[in-house]
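Working notes, beginning with the structure itself.
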Amino acid sequence: MAEQITRKDALTREGFRHACHIMLYGDSSAKLFGKIPIKHIVLMQMRFDGLLGFPGGLVNPSKETLEAGLSRELHEEVGVAVPVGVDNHVSSCLSPSCPRLITHFYIKKMTESELKELERAAVTTATDHGLEVLGMVRVPLYFLKNGGGLPYFLSHSFISNSRAQLLSALQHCRLLSQGELETAVRQAEQMRRTHSDDPH
């Protein structure tokens with residue numbers, strides 16, 4: 001597990017790099033196939049290396065605030081200037097996979113129309129689209145037969161601790177119940193084991 005530290009403590013540590021990422025989400029009235037309530041839109045992105053992650057990137061706190069740096073990264077990756085404040089900050093962690101890296105995680109709620117506009121801009125105007133970012137993806141927060149939806153999504157490969165960030169954020173924002181999250185994680189693990197056992 002990543003060791004949590006405060007934002008203030010993170011900024012006083014010398015010789016560390018800082019990466020800021022954000023979960024953008026909102027409520028939705030849409031229905032899948034006209035019957036399964038979507039309820040919420042949660043955005044992640046497919047990265048250049050084929051892994052799933054959250055928008056954001058490296059920030060230099062000696063030149064800009066963490067939040068200004070994150071807003072700059074968002075503009076490059078999603079083509080829209082999304083204002084981010086200290087009040088959107090959720091956690092700072094010592095990265096478990098990269099030594100001397102501190103990861104900062106933010107959550108920001110937006111309207112459904114703002115999120116749709118952002119999805120359009122990510123394809124049409126973002127400078128990193130097709131390069132560092134291969135597209136925005138919505139996290140399916142529903143359950144279909146045979147593990148479709150969230151369990152299947154969680155069985156994919158994520159960068160660093162972004163899968164853990166997603167699960168804690170869904171809990172933090174109460175987008176899913178504890179029971180639903182545990183079910184999704186359990187089914188995802190079963191899928192991963194099945195895939196690794198498959199000789200093809």
Side-chain angles (χ1 to χ4, degrees), residues 1-25 42-110 115 118-119 121-123 125-139 153-173 175 185 188 192:
M1 268 310 276
E3 183 191 339
Q4 298 240 5
I5 56 175
T6 66
R7 181 181 178 280
K8 191 174 172 186
D9 178 21
L11 292 172
T12 60
R13 298 197 178 203
E14 292 185 9
F16 278 83
R17 294 183 308 147
H18 296 263
C20 295
H21 293 88
I22 190 166
M23 182 178 95
L24 301 169
Y25 84 101
V42 173
L43 295 182
M44 291 189 79
Q45 63 187 16
M46 178 64 76
R47 294 160 35 95
F48 63 92
D49 50 14
L51 297 174
L52 290 162
F54 287 103
L58 288 171
V59 172
N60 186 346
S62 64
K63 294 184 178 172
E64 58 192 345
T65 65
L66 294 173
E67 292 72 31
L70 178 53
S71 290
R72 176 182 52 72
E73 283 286 331
L74 280 173
H75 193 258
E76 292 168 13
E77 293 184 1
V78 299
V80 177
V82 180
V84 183
V86 178
D87 55 333
N88 298 124
H89 178 267
V90 179
S91 65
S92 296
C93 296
L94 297 173
S95 171
S97 53
C98 297
R100 308 199 76 71
L101 176 70
I102 297 174
T103 58
H104 305 273
F105 190 61
Y106 294 76
I107 297 175
K108 184 177 174 82
K109 187 170 187 180
M110 301 171 75
L115 290 166
L118 188 143
E119 287 175 313
V123 177
T125 61
T127 51
D128 283 350
H129 180 72
L131 300 166
E132 288 183 36
V133 181
L134 302 182
M136 302 302 291
V137 291
R138 291 189 185 192
V139 180
F153 186 81
L154 291 175
S155 74
H156 292 312
S157 297
F158 292 77
I159 182 74
S160 186
N161 59 339
S162 57
R163 185 176 184 263
Q165 288 173 330
L166 171 63
L167 291 168
S168 66
L170 292 176
Q171 190 174 13
H172 177 84
C173 299
L175 301 188
V185 169
R192 280 182 160 176

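The residues of the chain are indexed from 1 along the displayed sequence.
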Rounded distance (nearest 0.5 Å) linking atom NE2 of H21 with atom CG of N161
9.0 Å

Please give me the minimum heavy-atom distance between D9 and T12, naming the atom from each residue.
O-OG1, 2.7 Å

Give the minimum heavy-atom separation between H104 and S92, together with the two atoms involved.
ND1-OG, 2.7 Å

What heavy-atom pair brings M136 and A122 nearest, and what distance separates the two atoms?
CG-CB, 3.5 Å

Closer than 3.5 angstrom, by distance alone: can the side chain of R47 be matched with the main-chain N or O of F158 as a donor-acceptor pair?
no

Do S95 side-chain atoms and I102 backbone N/O form a donor-acceptor pair below 3.5 Å?
no

Would you say that K108 contacts I22 through its side chain, given a criterion of any heavy-atom pair below 4.5 Å between the two side chains?
yes

With a 4.5 Å cut-off on side-chain heavy atoms, are F153 and M44 touching?
yes

Roughly how far apart are L43 CG and L115 CG, rounded to 0.5 Å?
5.5 Å

Tell me which donor-acceptor pairs under 3.5 Å the side chains of residues 53-61 have, and how far apart each pair is, sequence neighbours excluded?
from : atom 1 : to  : atom 2 : distance (Å)
N60  : OD1    : S62 : N      : 3.0
N60  : OD1    : S62 : OG     : 2.6
N60  : ND2    : S62 : OG     : 3.4

Quick check for you: to the nearest 0.5 Å, what is the distance between S91 atom OG and I107 atom CD1?
8.0 Å

Please examine the side chains of R138 and V42, heavy atoms only from C-beta on, and report whether any two atoms are closer than 4.5 Å.
no

Minimal heavy-atom distance between A126 and V78, with the atoms involved, is CB-C, 3.7 Å

Before giving the answer on side-chain contact (heavy atoms from CB on, under 4.5 Å), spell out for L170 and Y25 the whole-Å C-alpha distance, their side-chain angles and the decisive distance to 0.1 Å.
CA-CA 10 Å; L170 292 176; Y25 84 101; over 6 Å; no

What's the verdict on side-chain contact (heavy atoms from CB on, under 4.5 Å) for V86 and T65, showing C-alpha distance, side-chain angles and the deciding distance?
CA-CA 10 Å; V86 178; T65 65; over 6 Å; no

Spacing of NE2 belonging to H18 relative to CZ belonging to R13, to within rounding of 0.5 Å
10.0 Å

Working note: V139 + M23, criterion side-chain contact (heavy atoms from CB on, under 4.5 Å); need CA distance, chi angles, decisive distance, verdict.
CA-CA 11 Å; V139 180; M23 182 178 95; over 6 Å; no

When rounded to the nearest 0.5 angstrom, what is the spacing between OG in S157 and CG in D49?
10.0 Å

Would you call the rings of Y106 and H89 parallel, tilted or perpendicular if under 30° counts as parallel and over 60° as perpendicular?
perpendicular

Heavy-atom pair of closest approach, residues L154 and R192:
O-NH2, 3.9 Å

If you measure from CG on N88 to SG on C20, what distance do you get to the nearest 0.5 Å?
11.5 Å

